[in-house]
Colleague: 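First the structure, which I've put down as structure tokens, then a few questions once you've had a look.
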Amino acid sequence: MSTPADKRRHWLFKSEPDVYSIHDLERDKTTCWEGVRNYQARNLLRDEIQTGDLVFFYHSNANPPAIAGMAEVCRSGYPDHTAWDQQAKYYDPKGRPGQPTWFMVDIRHLETFAQPVTLTMLKQTPGLEEMMVTKRGTRLSVQPVTAQEWKIILGLARQGMPSLR
DNA sequence: GCCAACGTTGGC
DNA sequence: GCCAACGTTGGC
């Protein structure tokens, strides 16, 4: 059951484009957001993020770091099986099958921004001062975004592209 | 439970 | 590649 449009929440997911980029998601259409191994982010994936929620796809460790596009959550939190797979990159030796520690969601590609919204732009734009991603030393890879912040950033992404509303 | 050492993240 | 900030680990 999907969340009604006016109840949708907004998030920002970080990914290193060398590992998995918005272009990979565009090609794949959907993906499992695997490999999150931080408890605060895990709690969001497990408890808060719902089908229909919207996600900014942020390229970290990139040149330049930027919000590169957007996606929609198409499956809410479920156990991240890669934690139990010894061959997997994100294998967690402390994990016990049947008692999941780590969770993931699935996301579906919505849009690759023709003009990525760089971290520099985010830092310069009034109204985004409280965003975690603009603050130094914030490493959380899954972050909440307010509806107001979402709107401002979408505006930035579409500057110079009035045909896209 | 403290906290130093260590590994990771991520901008620059 | 550097390094500051952060989260986790593990000795005590």
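In the text below, chain A, chain B and the rest are named by the order of the sequence lines, each starting its count at 1.
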Colleague: Looking only at side-chain N and O atoms, does A:Thr82 offer a donor or acceptor that is under 3.5 Å from a partner on A:Arg37?
Modeller: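 Indeed, the side chains of A:Arg37 and A:Thr82 share at least one donor-acceptor pair under 3.5 Å.
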Colleague: Find the distance A:Asn63:CG to B:dG10:P and express it as a whole number of Å.
Modeller: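 One finds 16 Å between P of B:dG10 and CG of A:Asn63, rounded.
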Colleague: Should A:Lys14 be listed as having a side-chain N or O under 4.0 Å from OP1 or OP2 of B:dG10?
Modeller: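 For A:Lys14, the contact criterion (side-chain N or O under 4.0 Å from OP1 or OP2 of B:dG10) is met.
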Colleague: I need the CD1-P distance between A:Ile67 and B:dG11, as an integer number of Å.
Modeller: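 After rounding, the gap between these two atoms is 12 Å.
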Colleague: One pair to check against salt bridge (Lys or Arg N to Asp or Glu O under 4.0 Å): A:Lys135 and A:Glu129. What are the steps and the verdict?
Modeller: CA-CA 8 Å; A:Lys135 292 182 176 172; A:Glu129 296 87 352; over 6 Å; no
Colleague: Using atom CG of A:Leu122 as one end and atom P of B:dC12 as the other, report the distance to the nearest whole Å.
Modeller: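 About 11 Å, once rounded to whole Å.
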Colleague: Salt bridge or not for A:Glu72 and A:Arg8, using N-O below 4.0 Å?
Modeller: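 Yes.
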Colleague: Could you give the CD-to-P distance, from A:Glu16 to B:dG10, as a whole number of Å?
Modeller: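 Taking CD of A:Glu16 and P of B:dG10, I get 7 Å after rounding.
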Colleague: Show the distances under 3.5 angstrom between N or O atoms of the protein and N or O atoms of nucleotides 6-8 of chain C.
Modeller:
residue, atom, partner, partner atom, Å
C:dC6, O2, A:Arg139, NH1, 2.1
C:dC6, O2, A:Arg139, NH2, 3.2

Colleague: Could you give the NZ-to-P distance, from A:Lys135 to B:dG11, as a whole number of Å?
Modeller: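 About 16 Å, once rounded to whole Å.
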Colleague: Reckon A:Lys123 touches a base, only the sugar-phosphate, or nothing at all at heavy-atom distances under 4.0 Å?
Modeller: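 If one applies the 4.0 Å heavy-atom cut-off, A:Lys123 turns out to touch the sugar-phosphate alone, with no base involved.
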Colleague: Angle class for the A:Tyr20/A:Phe57 ring planes (parallel below 30°, perpendicular above 60°, tilted otherwise)?
Modeller: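 Geometry flag for A:Phe57 against A:Tyr20: tilted rings.
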Colleague: Under a 4.5 Å cut-off applied to non-hydrogen side-chain atoms, are A:Thr138 and A:Val133 in contact?
Modeller: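 The answer is no; the side chains never approach within 4.5 Å.
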Colleague: Grab the CG-P distance between A:Asn61 and C:dA4 for me, whole Å please.
Modeller: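 Distance, rounded to whole Å: 17 Å.
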Colleague: Please report whether the ring centroid of A:Tyr39 lies less than 6.0 Å from that of A:Trp102.
Modeller: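 So the answer is yes for these two rings.
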Colleague: From CG of A:Leu140 over to C1' of B:dG11, roughly how many Å is that when rounded to an integer?
Modeller: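 Taking atom C1' of B:dG11 as the reference, CG of A:Leu140 is at 17 Å.
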